[in-house]
There are 2 protein chains.
Amino acid sequence: MLVEDQAMVRGAMATLLSLEDDIEVVADLGSGEHAVAEARRVQPDVALLDIELPGISGIEVAAALTTAAPSCRVMIVTTFGRPGYLQRALDAGASGFLLKDAPVEELAVAIRRVHAGERVVDPELALSALQEGHDPLTTREHEVLQAARDHDSVAELARRLHLSEGTVRNHLSAVIQKLGARNRGEAVAIAEQRGWL
Amino acid sequence: MLVEDQAMVRGAMATLLSLEDDIEVVADLGSGEHAVAEARRVQPDVALLDIELPGISGIEVAAALTTAAPSCRVMIVTTFGRPGYLQRALDAGASGFLLKDAPVEELAVAIRRVHAGERVVDPELALSALQEGHDPLTTREHEVLQAARDHDSVAELARRLHLSEGTVRNHLSAVIQKLGARNRGEAVAIAEQRGWL
DNA sequence: ATCTGGCGATGACAGTTGTCATGCCCGCCA
DNA sequence: TGGCGGGCATGACAACTGTCATCGCCAGAT
């Protein structure tokens, strides 16, 4: 099963994989919601999931599949090698993590290995995931930083989160410290770049 | 000729296109610099260019091809339907503009039409490009906004651009007004989203 | 029983940001 | 020749932002 929002990429990968004798694309979907529903029906052997999807993310799909299609092995195929993504993907039960930067030839190989029960993870990425350490933000700090993404003022953030302005500022200040940023915008950028948002 | 930085997508598209009887992939590259050099040697009939590339952008490649491979028709194939991208692509001499959201089947069709001398542009995108109007920023405002992307303070921007702090603030203020933003960060986001950066 | 850490809040402070009025210099165009 | 717009600058002002000290509450760990 193939889940990828860009129709053209999805189509190209689908026909590519169909050329392999031992691989059949039983479903290809463009949204996470559809993917979970379809997986429940089809019960595929392997699911290839992009992370950035409209609606629910590939990570969330992976988590949902553990109950919706328990025998289905999950491999994440994504654009960005964000360390936090790898971490969360593995936590969500993924067996493989492949970058779209990798040559196509690796795709079929990786699928077979994942299907056989192996774990397939870019070793370089695994290393940098370890080096980055893990997300140092508390849940509240997360929420505040999330909300800060759309460039609202402190006052608006406070309103949206039902907090005092001072509290919002305190949380943001803490986040900026923890991430070593110089201001709010940079903090958002750093967190995004590490896959913590 | 196929230019796309994500190796896996590039590979998938290459084999896909190779399946067509009347299409041959004479070169596939992952960077704009290599693409221009290769095009000069190979002189392909059609070039498919992604916009977001490491180093020089697909738009710049398109412009370079008008002299490096004058007989080559250019089609942009990109993820984002930013109105400004379309505008600039056409200005740079592109004959086609296709989104990766489009179904694969359209790809070969579009290539043939572009090769035949037609223009191929998503009509919906063309419309929204007209509605957005064009980039209202002066060159200087552009530069300042560009520099502001990496979350520097006004003082640092001023240093980098060899301007007074007040001048930088004035330019930023003007940009914020023109784009209808509420602050610097939002201004950057709006400009990026419209393809003006 | 105490300590720790997350969460919320306040008040104060310095620093940064966005705005505005105003001025000067240039090049372009009518 | 004058007018207009872009670019650069200054100074002033209000608003916003980031930091810090300090407080209270609560839950989980030692």
Side-chain angles (χ1 to χ4, degrees), chain A residues 84 87-88 91 132-197, chain B residues 84 87-88 91 132-197:
Chain A
Q87 188 72 56
R88 284 192 280 158
D91 291 350
E132 295 282 11
H134 72 293
D135 188 344
L137 306 182
T138 69
T139 35
R140 213 38 169 176
E141 284 163 356
H142 249 106
E143 289 174 30
V144 176
L145 195 58
Q146 286 263 22
R149 284 209 287 187
D150 32 31
H151 313 289
D152 278 347
S153 69
V154 171
E156 284 162 305
L157 294 180
R159 216 170 303 130
R160 278 170 54 190
L161 299 168
H162 306 293
L163 288 175
S164 128
E165 298 194 14
T167 304
V168 171
R169 287 222 298 274
N170 286 340
H171 282 308
L172 285 174
S173 183
V175 170
I176 290 169
Q177 299 291 319
K178 287 186 181 177
L179 300 186
R182 288 167 305 169
N183 52 52
R184 196 186 305 186
E186 199 175 29
V188 170
I190 290 173
E192 272 176 344
Q193 184 245 311
R194 305 226 175 129
W196 290 339
L197 268 184
Chain B
Q87 187 72 56
R88 284 193 279 157
D91 290 350
E132 294 281 12
H134 72 291
D135 189 343
L137 305 182
T138 68
T139 35
R140 215 28 169 186
E141 285 164 355
H142 249 107
E143 288 175 30
V144 176
L145 194 59
Q146 285 263 22
R149 283 209 287 188
D150 31 32
H151 312 288
D152 279 347
S153 69
V154 171
E156 285 163 305
L157 295 180
R159 215 170 303 128
R160 279 170 53 191
L161 299 169
H162 306 293
L163 289 175
S164 130
E165 298 194 11
T167 305
V168 172
R169 287 223 295 274
N170 286 340
H171 283 309
L172 285 175
S173 182
V175 170
I176 289 169
Q177 299 291 320
K178 287 185 181 178
L179 300 186
R182 288 166 306 170
N183 52 53
R184 196 187 306 187
E186 199 175 28
V188 170
I190 290 174
E192 272 176 343
Q193 185 243 310
R194 305 227 176 128
W196 291 339
L197 267 183

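Every chain is numbered from 1, with letters handed out A, B, ... down the list of sequences.
Considering all non-hydrogen atoms of both residues, A:L172 and A:A148 come closest at CD2-CB, 4.3 Å. Scanning all heavy atoms of the two residues, the minimum distance from B:K178 to B:P136 falls at NZ-O, 3.2 Å. Nearest heavy atom pair, residue A:A187 against residue A:L179, reads O-CD1, 3.5 Å. Between A:Q146 and A:L197 the shortest heavy-atom distance is NE2-O, 3.3 Å. The minimum heavy-atom distance between B:G133 and B:W196, with the atom names listed, is O-CZ2, 3.9 Å. Taking every heavy atom of both residues into account, B:G195 and B:R88 meet most closely at O-NH2, 2.6 Å.
The shortest side-chain heavy-atom distance between A:D135 and A:Q87 does not fall under the 4.5 Å cut-off.
A:L145 contributes atom CG, which lies 12.0 Å from atom NE2 of A:H171 (distance to the nearest 0.5 angstrom).
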Which nucleotides of nucleotides 7-15 of chain D have their base under 4.0 Å from a protein heavy atom (B), which only their sugar-phosphate (S), and which neither (-), written as one string 5' to 3'? SSBB-B---
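Residues of residues 180-197 of chain B that place a heavy atom closer than 4.0 Å to DNA chain C, in numerical order, are B:N183, B:R184. A heavy-atom distance below 4.0 Å to DNA chain C is reached by these residues of residues 148-161 of chain B, ordered by number: B:S153, B:V154.
Bracketed by its first and final contacts, the part of DNA chain C lying under 4.0 Å from non-hydrogen atoms of chain B reaches from C:dT17 to C:dC20 in 5' to 3' order.
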Output one line per pair: protein atom, nucleotide atom from nucleotides 25-27 of chain D, and distance, for all N/O pairs under 3.5 Å.
none

Listed pairs under 3.5 Å, donor-acceptor, residues 154-162 of chain A side chains, sequence neighbours left out:
unit_1 : atom_1 : unit_2 : atom_2 : d
A:E156 : OE1    : A:S153 : N      : 3.0
A:E156 : OE1    : A:S153 : OG     : 3.1
A:E156 : OE2    : B:R182 : NH1    : 3.0
A:R160 : NH1    : A:D150 : OD1    : 3.2
A:R160 : NH1    : A:D152 : OD2    : 2.5

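For the pair A:N183 (side chain) and B:H151 (backbone), a donor-acceptor distance under 3.5 Å is present.
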